[in-house]
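Below is one structure; the comments refer to it alone.
Numbered from 1 within each chain, the chains take letters A, B, ... in sequence-line order. This is a predicted model, so every value here is computed, not measured.
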2 protein chains.
Amino acid sequence: MSIGPAAAPKTRVRRTPEAARENILAAAEALLVEQGPQAIKLADVAKAAGVVHANVIHHFGSIAGVETALMERMIRQLTDKVLVALNQPDAVLGVGAQALFDAFEAKGAARLAAWLELTGEGARMTLVREVVDEIVQTRLARDSGVDRDAAVDFILLNIILAVGVGLFGPTLSALLGRPPERARELALELIEGRLTGAR
Amino acid sequence: MSIGPAAAPKTRVRRTPEAARENILAAAEALLVEQGPQAIKLADVAKAAGVVHANVIHHFGSIAGVETALMERMIRQLTDKVLVALNQPDAVLGVGAQALFDAFEAKGAARLAAWLELTGEGARMTLVREVVDEIVQTRLARDSGVDRDAAVDFILLNIILAVGVGLFGPTLSALLGRPPERARELALELIEGRLTGAR
DNA sequence: AGTTGTACTGACAAAAATGTCAATAGGGCC
DNA sequence: GGCCCTATTGACATTTTTGTCAGTACAACT
């Protein structure tokens with residue numbers, strides 16, 4: 001069909017292996033967050049990343065490889081975020097709870113959790129456990145008045161509520177005729193209320 | 001390979017269309033709850049239902065047909081459950097909240113919600129909205145002291161917390177070294193605390 | 001410039017999942 | 001009994017998704 005001069009030599013983007021993996025995982029993450037786990041197909045991830053699907057296989061071996069790498073990456077990002085927020089020297093209990101809530105309420109984090117739970121990979125969140133342990137340790141060392149179990153209980157509730165809001169907050173709020181941020185506001189009130197010793 | 005007498009005439013189970021659909025949807029629901037949305041494949045649903053996959057197509061037209069029928073069925077079951085629990089004449093506000101919480105905390109309901117949200121079908125929960133509206137109406141008629149928005153706010157929080165517990169309660173509790181029911185207990189305490197006018 | 005390692009690609013192959021169709025058989029009805 | 005309707009099935013066909021492989025092009029090193 002083509003007549004003109006010889007086809008131009010094809011120019012390629014050549015990344016370092018790390019950059020290539022990063023690029024692909026970022027594309028996969030976007031798909032996960034925007035369209036759900038079902039959308040993580042070889043061809044779609046490749047197209048979103050701007051490469052050919054054989055290239056995805058080259059870097060991850062298989063689609064399952066992409067999935068587990070993505071899980072690990074997102075879990076690491078989440079724990080990093082939590083640790084950074086909590087290690088700020090002025091992080092008193094209340095502020096720390098906010099940070100924890102914020103981290104888990106983020107859309108990506110919430111959907112990661114749902115993904116892990118629905119696919120039976122919930123055990124993969126061990127890293128989160130370590131972070132929580134670290135938080136508790138810090139708290140106990142700083143403020144000897146708190147009981148360890150109570151602290152863990154509080155964090156447990158905090159995380160569940162945060163993920164619930166991150167997952168369903170906007171949709172459910174809208175469904176019930178309230179502004180999209182309403183669920184978040186209410187949840188924070190609830191957390192703070194409990195914190196300030198409401199009972 | 002076989003030698004003996006001629007093969008026995010194949011006996012079939014022949015159901016009414018309604019029973020056949022019901023049978024298939026029940027199998028699909030079990031798959032959804034136990035293995036997640038990814039497990040809803042034509043062949044797997046058929047095997048679990050004890051029929052051939054062509055039969056599934058016959059009754060639902062396509063796999064997408066099975067999915068939407070399952071969504072509708074589960075939503076209907078959920079709303080029915082809520083309504084029944086709430087229409088008991090002695091359902092005061094506290095008991096009603098318990099019933100609401102229980103309905104949404106059930107594993108199937110929680111996973112249904114996650115499924116709908118992740119696949120972008122969150123809008124399908126309109127039926128839930130109608131139920132909530134009905135609840136609010138009833139409440140307002142019975143107890144003129146409550147403000148409509150406050151009631152909706154409370155229900156919103158209640159549902160999100162319940163679904164969060166239903167989805168992540170057992171896994172997260174175990175992950176943090178607590179008994180599997182711990183998250184549920186804490187959440188109920190929280191709900192009750194708010195109910196009894198903690199703030 | 002030549003050599004080398006490997007990220008990258010296109011084309012092909014295999015597997016998995018979905019859908020089509022003619023034929024079979026169960027159950028109600030005459 | 002014979003007839004009709006259709007739920008059910010097995011075999012085939014199509015589409016989607018995943019994976020293989022030989023060759024190409026980019027960058028680093030000599």
Could you tell me how far apart His59(B) (NE2) and dT9(D) (P) are, to the nearest whole angstrom? 9 Å
Of Arg12(B) and Ile40(A), whose closest DNA chain D nucleotide lies nearer the 5' terminus? Arg12(B)
Does His58(B) have a side-chain nitrogen or oxygen under 4.0 Å from the phosphate oxygens OP1 or OP2 of dT8(D)? no
Inter-residue atom distance Arg182(A).CZ - Leu172(A).CG, 0.5 Å rounding: 14.0 Å
Does the side chain of Glu67(B) reach to within under 4.5 Å of the side chain of Glu121(B), using non-hydrogen atoms? no
Among dC8(C), dA17(C), dC21(C), which nucleotide sits nearest the side chain of Lys41(B)? dA17(C)
Nearest-Å distance, CD (Glu18(A)) to P (dC8(C))? 11 Å
Among the candidates dT9(C), dC5(D), dA7(C), find the nucleotide nearest to the side-chain atoms of Arg14(B). dC5(D)
Ile63(B) CD1 to dT17(D) C1', in whole Å, measures 16 Å
Output the rounded distance in Å from CG (Asn55(A)) to C1' (dC21(D)). 15 Å
Separation of atom CZ in Phe60(B) from atom P in dT8(D), rounded to whole Å: 11 Å
Taking atom C1' of dA13(D) as reference, at what distance in whole Å does atom CD1 of Ile57(B) sit? 13 Å
What integer distance in Å separates Glu67(A):CD from dG19(D):C1'? 15 Å
Using a heavy-atom cut-off of under 4.0 Å over every strand shown, decide if Ala20(A) touches base, sugar-phosphate, or nothing. sugar-phosphate
Base, sugar-phosphate alone, or nothing: which one does Thr16(A) contact when heavy atoms must sit under 4.0 Å apart? nothing
On a heavy-atom basis, which atom in Val33(A) and which in Arg111(A) lie closest, and how many Å separate them? O-NH1, 2.8 Å
Taking every non-hydrogen atom, the tightest pair across Ile40(B) and Ile63(B): O-CD1, 3.9 Å
More 5' along DNA chain C: Asp44(B) or Val13(B), using each one's nearest nucleotide? Asp44(B)
Could you tell me the separation between the CG atom of Asn158(A) and the CG atom of Leu100(A), rounded to the nearest 0.5 Å? 4.5 Å
Leu42(A) has its side chain closest, among dT18(D), dT8(D), dG19(C), to dT18(D)
Rounded to whole Å, please give me the gap between CZ in Arg21(B) and P in dT6(D). 16 Å
Let's see if you can work this out: which of dT8(D), dA11(D), dG19(D) has an atom nearest to the side-chain heavy atoms of His53(B)? dA11(D)
